[in-house]
Q: 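I'd like to ask some things about the structure below.
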2 protein chains.
Amino acid sequence: MGRQMTEMLKGTLEGIVLAILSRRPAYGYEITAWLRDQGFSDIAEGTVYALLVRIEQRGFVDVVKVPSEKGPPRKVYSLNATGQQYLEGFWSNWSFLAERLEELRKGGK
Amino acid sequence: MGRQMTEMLKGTLEGIVLAILSRRPAYGYEITAWLRDQGFSDIAEGTVYALLVRIEQRGFVDVVKVPSEKGPPRKVYSLNATGQQYLEGFWSNWSFLAERLEELRKGGK
DNA sequence: CTCGCTAGTCTGCGTTACTATGTACTGGTA
DNA sequence: TACCAGTACATAGTAACGCAGACTAGCGAG
(Lines give C-alpha, C1' and ligand atoms only; values in the text may rest on other atoms or scores of the structure.)
Protein backbone atom coordinates (compact mmCIF):
# COMPACT_ATOMS: atom_id res chain seq x y z
CA MET A 1 0.00 0.00 0.00
CA GLY A 2 1.06 3.58 -0.33
CA ARG A 3 3.13 5.01 2.46
CA GLN A 4 0.62 7.79 2.72
CA MET A 5 -2.35 5.54 3.33
CA THR A 6 -0.36 3.36 5.70
CA GLU A 7 0.34 6.33 7.91
CA MET A 8 -3.20 7.56 7.68
CA LEU A 9 -4.47 4.23 8.91
CA LYS A 10 -2.51 4.53 12.12
CA GLY A 11 -5.07 5.25 14.75
CA THR A 12 -8.02 5.08 12.40
CA LEU A 13 -7.87 1.39 11.62
CA GLU A 14 -8.50 0.69 15.28
CA GLY A 15 -11.62 2.85 15.17
CA ILE A 16 -12.76 1.21 11.97
CA VAL A 17 -12.55 -2.25 13.49
CA LEU A 18 -14.31 -1.17 16.66
CA ALA A 19 -17.04 0.39 14.55
CA ILE A 20 -17.44 -2.86 12.63
CA LEU A 21 -17.74 -4.76 15.89
CA SER A 22 -20.32 -2.31 17.20
CA ARG A 23 -22.64 -3.44 14.42
CA ARG A 24 -22.27 -7.12 15.07
CA PRO A 25 -19.77 -9.59 16.51
CA ALA A 26 -17.19 -10.85 14.06
CA TYR A 27 -13.97 -12.83 13.81
CA GLY A 28 -10.62 -11.89 12.35
CA TYR A 29 -10.83 -13.47 8.97
CA GLU A 30 -14.31 -12.07 8.47
CA ILE A 31 -13.16 -8.54 9.33
CA THR A 32 -10.22 -8.78 6.96
CA ALA A 33 -12.53 -9.94 4.18
CA TRP A 34 -14.96 -7.11 4.87
CA LEU A 35 -12.18 -4.56 4.76
CA ARG A 36 -10.96 -5.85 1.42
CA ASP A 37 -14.52 -5.67 0.18
CA GLN A 38 -14.77 -2.05 1.16
CA GLY A 39 -11.72 -1.20 -0.88
CA PHE A 40 -9.01 -1.39 1.76
CA SER A 41 -7.58 -3.78 -0.75
CA ASP A 42 -4.30 -4.55 0.82
CA ILE A 43 -4.47 -4.33 4.54
CA ALA A 44 -2.21 -7.10 5.78
CA GLU A 45 -3.95 -9.96 7.55
CA GLY A 46 -1.39 -9.90 10.29
CA THR A 47 -2.29 -6.29 10.97
CA VAL A 48 -5.90 -7.13 11.77
CA TYR A 49 -5.00 -10.00 14.07
CA ALA A 50 -2.49 -7.90 15.95
CA LEU A 51 -5.05 -5.15 16.33
CA LEU A 52 -7.61 -7.60 17.70
CA VAL A 53 -5.13 -8.78 20.29
CA ARG A 54 -4.51 -5.20 21.35
CA ILE A 55 -8.14 -4.26 21.78
CA GLU A 56 -8.75 -7.49 23.65
CA GLN A 57 -5.91 -6.70 26.05
CA ARG A 58 -7.32 -3.25 26.62
CA GLY A 59 -10.65 -4.79 27.52
CA PHE A 60 -12.72 -3.27 24.71
CA VAL A 61 -14.14 -6.57 23.49
CA ASP A 62 -15.51 -9.84 24.76
CA VAL A 63 -14.31 -13.00 23.08
CA VAL A 64 -16.06 -16.29 22.46
CA LYS A 65 -14.52 -19.32 20.79
CA VAL A 66 -16.86 -20.81 18.27
CA PRO A 67 -16.12 -24.10 16.48
CA SER A 68 -16.01 -23.77 12.72
CA GLU A 69 -16.77 -26.34 10.04
CA LYS A 70 -13.77 -25.07 8.18
CA GLY A 71 -10.45 -24.90 9.93
CA PRO A 72 -9.67 -24.08 13.54
CA PRO A 73 -12.23 -22.53 15.91
CA ARG A 74 -13.06 -18.90 15.36
CA LYS A 75 -12.49 -16.23 17.95
CA VAL A 76 -15.61 -14.13 17.75
CA TYR A 77 -15.16 -10.60 19.12
CA SER A 78 -17.97 -8.36 20.33
CA LEU A 79 -17.79 -4.81 21.60
CA ASN A 80 -18.51 -4.40 25.30
CA ALA A 81 -19.47 -1.29 27.28
CA THR A 82 -15.86 -0.14 27.70
CA GLY A 83 -15.26 -0.52 24.01
CA GLN A 84 -18.44 1.32 23.18
CA GLN A 85 -17.31 4.23 25.30
CA TYR A 86 -13.89 4.24 23.70
CA LEU A 87 -15.51 4.16 20.27
CA GLU A 88 -17.49 7.26 21.11
CA GLY A 89 -14.26 9.02 22.02
CA PHE A 90 -12.87 7.93 18.69
CA TRP A 91 -15.82 9.41 16.81
CA SER A 92 -15.47 12.72 18.56
CA ASN A 93 -11.77 12.90 17.74
CA TRP A 94 -12.50 11.87 14.20
CA SER A 95 -15.15 14.54 13.81
CA PHE A 96 -12.77 17.19 15.03
CA LEU A 97 -10.12 16.15 12.55
CA ALA A 98 -12.54 15.73 9.66
CA GLU A 99 -14.01 19.18 10.19
CA ARG A 100 -10.61 20.88 10.22
CA LEU A 101 -9.59 19.06 7.08
CA GLU A 102 -12.80 19.84 5.29
CA GLU A 103 -12.30 23.51 6.04
CA LEU A 104 -8.76 23.35 4.76
CA ARG A 105 -9.80 21.65 1.57
CA LYS A 106 -12.41 24.28 0.84
CA GLY A 107 -10.40 27.31 1.87
CA GLY A 108 -7.28 26.08 0.16
CA LYS A 109 -6.84 27.30 -3.43
CA MET B 1 -2.72 14.80 24.03
CA GLY B 2 -4.73 11.64 23.94
CA ARG B 3 -3.08 8.56 22.59
CA GLN B 4 -5.95 8.21 20.20
CA MET B 5 -5.55 11.64 18.62
CA THR B 6 -1.79 11.25 18.51
CA GLU B 7 -2.09 8.15 16.40
CA MET B 8 -4.76 9.69 14.23
CA LEU B 9 -2.47 12.59 13.39
CA LYS B 10 0.14 10.25 11.97
CA GLY B 11 -0.19 10.68 8.27
CA THR B 12 -2.77 13.43 8.46
CA LEU B 13 -0.67 16.13 10.05
CA GLU B 14 1.59 16.05 7.03
CA GLY B 15 -1.39 16.62 4.77
CA ILE B 16 -2.65 19.41 7.00
CA VAL B 17 0.64 21.28 6.81
CA LEU B 18 0.88 20.83 3.06
CA ALA B 19 -2.66 22.13 2.73
CA ILE B 20 -1.75 25.19 4.79
CA LEU B 21 1.25 25.82 2.57
CA SER B 22 -0.89 25.47 -0.55
CA ARG B 23 -2.83 28.54 0.54
CA ARG B 24 0.21 30.70 1.14
CA PRO B 25 3.87 30.37 2.11
CA ALA B 26 4.54 30.18 5.82
CA TYR B 27 7.25 29.49 8.37
CA GLY B 28 7.38 27.00 11.20
CA TYR B 29 6.45 29.19 14.10
CA GLU B 30 3.53 30.62 12.17
CA ILE B 31 2.20 27.18 11.27
CA THR B 32 2.44 26.01 14.87
CA ALA B 33 0.51 29.07 16.03
CA TRP B 34 -2.16 28.53 13.40
CA LEU B 35 -2.59 24.91 14.42
CA ARG B 36 -3.02 25.87 18.08
CA ASP B 37 -5.56 28.44 16.96
CA GLN B 38 -7.55 25.83 15.13
CA GLY B 39 -7.86 23.73 18.23
CA PHE B 40 -4.90 21.40 17.81
CA SER B 41 -4.06 22.75 21.18
CA ASP B 42 -1.05 20.72 22.03
CA ILE B 43 0.84 19.79 18.96
CA ALA B 44 4.48 20.03 19.98
CA GLU B 45 6.59 22.65 18.27
CA GLY B 46 9.28 20.09 17.61
CA THR B 47 6.78 18.01 15.67
CA VAL B 48 6.12 20.75 13.17
CA TYR B 49 9.80 21.51 12.60
CA ALA B 50 10.62 17.86 12.11
CA LEU B 51 7.77 17.56 9.65
CA LEU B 52 8.99 20.59 7.71
CA VAL B 53 12.44 19.06 7.47
CA ARG B 54 10.91 15.86 6.11
CA ILE B 55 8.82 17.51 3.42
CA GLU B 56 11.77 19.65 2.43
CA GLN B 57 13.95 16.58 2.01
CA ARG B 58 11.28 14.95 -0.13
CA GLY B 59 11.24 18.01 -2.32
CA PHE B 60 7.65 19.08 -1.75
CA VAL B 61 8.51 22.63 -0.77
CA ASP B 62 10.80 25.49 -1.69
CA VAL B 63 12.54 27.34 1.10
CA VAL B 64 13.61 30.95 1.43
CA LYS B 65 15.39 32.48 4.41
CA VAL B 66 13.87 35.78 5.39
CA PRO B 67 15.33 38.04 8.07
CA SER B 68 13.00 38.75 10.96
CA GLU B 69 12.83 41.80 13.21
CA LYS B 70 12.32 39.48 16.12
CA GLY B 71 14.63 36.56 16.65
CA PRO B 72 16.55 34.47 14.12
CA PRO B 73 15.77 34.48 10.38
CA ARG B 74 12.61 32.70 9.31
CA LYS B 75 12.60 29.76 6.98
CA VAL B 76 9.62 30.42 4.76
CA TYR B 77 8.25 27.32 3.05
CA SER B 78 6.11 27.30 -0.08
CA LEU B 79 4.52 24.36 -1.84
CA ASN B 80 6.01 23.57 -5.24
CA ALA B 81 4.60 21.52 -8.11
CA THR B 82 5.76 18.20 -6.67
CA GLY B 83 4.19 19.04 -3.35
CA GLN B 84 0.97 20.10 -5.01
CA GLN B 85 0.78 16.76 -6.74
CA TYR B 86 1.47 14.90 -3.53
CA LEU B 87 -1.19 16.94 -1.77
CA GLU B 88 -3.73 15.88 -4.36
CA GLY B 89 -2.86 12.28 -3.64
CA PHE B 90 -3.35 12.99 0.02
CA TRP B 91 -6.81 14.42 -0.58
CA SER B 92 -7.87 11.42 -2.59
CA ASN B 93 -6.69 9.05 0.12
CA TRP B 94 -8.37 11.16 2.74
CA SER B 95 -11.65 11.18 0.83
CA PHE B 96 -11.58 7.44 0.55
CA LEU B 97 -11.03 7.03 4.26
CA ALA B 98 -13.57 9.67 5.24
CA GLU B 99 -16.25 8.12 3.08
CA ARG B 100 -15.74 4.66 4.55
CA LEU B 101 -15.84 6.03 8.06
CA GLU B 102 -18.94 8.09 7.38
CA GLU B 103 -20.69 4.99 6.15
CA LEU B 104 -19.62 3.09 9.21
CA ARG B 105 -20.82 5.77 11.54
CA LYS B 106 -24.25 5.84 9.92
CA GLY B 107 -24.68 2.14 9.43
CA GLY B 108 -23.34 1.25 12.82
CA LYS B 109 -26.07 0.91 15.45
C1' DC C 1 -1.66 -37.27 -0.33
C1' DT C 2 -1.71 -32.86 -1.47
C1' DC C 3 -3.86 -28.64 -2.31
C1' DG C 4 -6.48 -24.78 -0.70
C1' DC C 5 -9.17 -22.32 2.55
C1' DT C 6 -9.77 -20.85 7.27
C1' DA C 7 -7.57 -19.18 11.64
C1' DG C 8 -4.07 -17.45 14.20
C1' DT C 9 1.02 -16.41 15.94
C1' DC C 10 5.43 -14.20 15.84
C1' DT C 11 9.55 -11.27 14.66
C1' DG C 12 11.93 -7.43 12.86
C1' DC C 13 11.46 -3.11 10.53
C1' DG C 14 10.36 1.78 9.13
C1' DT C 15 7.72 5.86 9.92
C1' DT C 16 5.76 9.11 12.76
C1' DA C 17 4.57 12.25 16.73
C1' DC C 18 5.78 13.26 21.46
C1' DT C 19 8.66 14.92 25.30
C1' DA C 20 12.28 17.45 26.71
C1' DT C 21 15.91 20.29 26.07
C1' DG C 22 19.01 23.55 23.84
C1' DT C 23 20.60 27.41 20.80
C1' DA C 24 20.20 32.06 19.13
C1' DC C 25 18.53 36.67 18.25
C1' DT C 26 15.57 40.83 19.54
C1' DG C 27 13.59 44.62 22.29
C1' DG C 28 12.04 46.31 26.66
C1' DT C 29 12.80 47.37 31.39
C1' DA C 30 14.51 47.82 35.99
C1' DT D 1 24.12 46.97 32.36
C1' DA D 2 21.75 42.71 33.27
C1' DC D 3 17.94 40.18 32.74
C1' DC D 4 13.79 38.38 30.65
C1' DA D 5 9.96 37.41 27.51
C1' DG D 6 8.95 36.43 22.92
C1' DT D 7 10.39 34.62 18.53
C1' DA D 8 12.45 30.94 15.69
C1' DC D 9 14.64 26.79 14.80
C1' DA D 10 16.74 22.29 16.01
C1' DT D 11 17.80 17.56 17.92
C1' DA D 12 18.05 13.25 20.86
C1' DG D 13 15.43 9.64 22.82
C1' DT D 14 11.00 7.04 23.15
C1' DA D 15 6.55 4.69 22.13
C1' DA D 16 2.90 3.22 19.03
C1' DC D 17 1.42 1.37 14.98
C1' DG D 18 1.07 -0.97 10.43
C1' DC D 19 3.75 -3.91 7.26
C1' DA D 20 6.15 -7.85 5.35
C1' DG D 21 6.88 -12.37 5.66
C1' DA D 22 7.25 -16.80 7.64
C1' DC D 23 5.16 -20.24 10.39
C1' DT D 24 1.67 -23.53 12.79
C1' DA D 25 -2.81 -25.84 12.44
C1' DG D 26 -7.48 -28.04 11.19
C1' DC D 27 -10.29 -29.77 7.72
C1' DG D 28 -12.56 -30.94 3.19
C1' DA D 29 -12.08 -31.92 -1.79
C1' DG D 30 -9.84 -33.62 -5.70
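In what follows, chains carry the letters A, B, and so on, assigned in the order in which the sequence lines appear, proteins first and then strands, with residues in each chain numbered from 1.
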Q: Considering residues at least two apart in sequence or located in another chain, which fulfil the side-chain contact (heavy atoms from CB on, under 4.5 Å) criterion with B/Arg58?
A: A/Arg3, B/Glu14, B/Arg54, B/Phe60, B/Tyr86
Q: Under 4.0 Å: is that the gap between some side-chain N or O of A/Lys10 and OP1 or OP2 of D/dC19?
A: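 Checking A/Lys10 against D/dC19: no side-chain N or O falls below 4.0 Å of OP1 or OP2.
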Q: Nearest-Å distance, CD1 (B/Ile43) to C1' (C/dT16)?
A: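 It is 13 Å, rounded to the nearest whole Å.
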Q: Check every atom of C/dC18, C/dT15, D/dC17 against the side chain of A/Arg3 and return the nucleotide holding the closest atom.
A: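 So the nucleotide nearest the side chain must be C/dT15.
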Q: Donor-acceptor check, side chain of A/Asn80 to backbone of A/Gly59, threshold 3.5 angstrom: yes or no?
A: yes
Q: How long is the span from the CG atom in B/Leu101 to the CZ atom in B/Phe96, to the nearest 0.5 Å?
A: 10.0 Å
Q: Write down the distance between CD (A/Gln4) and P (D/dG18), rounded to a whole number of angstrom.
A: 17 Å
Q: Take the protein atom CG of B/Leu9 and the nucleotide atom C1' of C/dT15, then report the distance between them rounded to whole Å.
A: 15 Å
Q: Strictly by side-chain hydrogen bond (donor to acceptor under 3.5 Å, both in side chains), give each pair with a member in residues 30-39 of chain A just once, sequence neighbours left out.
A: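 For residues 30-39 of chain A, and leaving out neighbouring residues, there are no side-chain hydrogen bond (donor to acceptor under 3.5 Å, both in side chains) pairs at all.
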Q: What is the nucleic acid contact for B/Glu45, judged by heavy atoms within less than 4.0 Å: base, sugar-phosphate only, or nothing?
A: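 Base contact.
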Q: Quick one about B/Arg24 and B/Ser78 (side-chain donor to acceptor, distance below 3.5 Å, no hydrogens or angles considered), yes or no?
A: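 No, B/Arg24 and B/Ser78 have no side-chain donor paired with an acceptor closer than 3.5 Å.
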Q: Across nucleotides 23-30 of chain C, 5' to 3', mark each nucleotide with B, S or - according to how protein heavy atoms within less than 4.0 Å reach it.
A: -BBS----
Q: Got a sec? Which of residues 25-35 of chain A come in under 4.0 Å of DNA chain C, heavy atoms?
A: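 Nucleic-acid contacts, sorted: A/Tyr27, A/Gly28, A/Tyr29.
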Q: Taking only side-chain N and O atoms of B/Tyr49, does any of them lie within less than 4.0 angstrom of OP1 or OP2 on D/dC9?
A: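 Yes, because at least one side-chain N or O of B/Tyr49 sits under 4.0 Å from OP1 or OP2 of D/dC9.
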Q: Rounded at 0.5 Å granularity, tell me how far CH2 in A/Trp94 sits from OG1 in A/Thr12.
A: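 Going from CH2 on A/Trp94 over to OG1 on A/Thr12, the span is 6.5 Å.
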Q: Does A/Leu13 reach a base, just sugar-phosphate, or nothing at all? Heavy atoms under 4.0 Å.
A: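 Sugar-phosphate contact only.
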Q: For a side chain to side chain contact (heavy atoms under 4.5 Å, CB included) check, start with the C-alpha distance between A/Leu9 and A/Thr47, then their side-chain angles and the critical distance, and finish with the verdict.
A: CA-CA 11 Å; A/Leu9 280 177; A/Thr47 298; over 6 Å; no
Q: In whole angstroms, how far is the P atom of D/dC9 from the NZ atom of B/Lys75?
A: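 For the pair B/Lys75 NZ and D/dC9 P, the rounded distance is 8 Å.
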Q: Applying side-chain contact (heavy atoms from CB on, under 4.5 Å), name anything that partners A/Ser92, two or more places apart in sequence or on another chain.
A: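 Residues passing side-chain contact (heavy atoms from CB on, under 4.5 Å) with A/Ser92: none at all.
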Q: Tell me which residues in residues 55-66 of chain B put a heavy atom below 4.0 Å from DNA chain C, sorted by number, or none.
A: B/Arg58
Q: Rounded to the nearest 0.5 Å, how far does OG of A/Ser95 lie from CD of B/Glu102?
A: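 Interatomic distance, B/Glu102 CD to A/Ser95 OG, rounded to 0.5 Å: 7.5 Å.
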Q: Is there a side-chain contact between B/Ile55 and B/Leu79 in this structure, where contact means two heavy atoms from C-beta onward sitting under 4.5 Å apart?
A: no
Q: Between A/Glu14 and A/Gly46, name the one whose nearest nucleotide on DNA chain D is closer to the 5' end.
A: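 Closer to the 5' end of DNA chain D: A/Glu14.
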Q: What is the distance, to the nearest angstrom, from the CD atom on B/Glu7 to the C1' atom on D/dA15?
A: 8 Å
Q: What are the two closest heavy atoms between B/Gly28 and B/Val48, and how far apart are they?
A: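 In terms of heavy atoms, the two residues are closest at O-CG1, 4.1 Å.
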Q: What's the CG-C1' distance between A/Leu52 and C/dC10, to the nearest Å?
A: 16 Å
Q: Rounded to whole angstrom units, what separation is found between the CZ atom of A/Arg54 and the C1' atom of C/dG8?
A: 16 Å
Q: Output the distance between atom CG (B/Leu35) and atom CD (B/Glu45), rounded to the nearest 0.5 Å.
A: 11.0 Å
Q: What is the distance from CG of A/Leu51 to C1' of D/dA16, rounded to the nearest Å?
A: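 From A/Leu51 CG to D/dA16 C1': 12 Å.
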Q: Assign B/Thr47 to base, sugar-phosphate, or nothing according to its heavy-atom contacts below 4.0 angstrom with the strands shown.
A: base
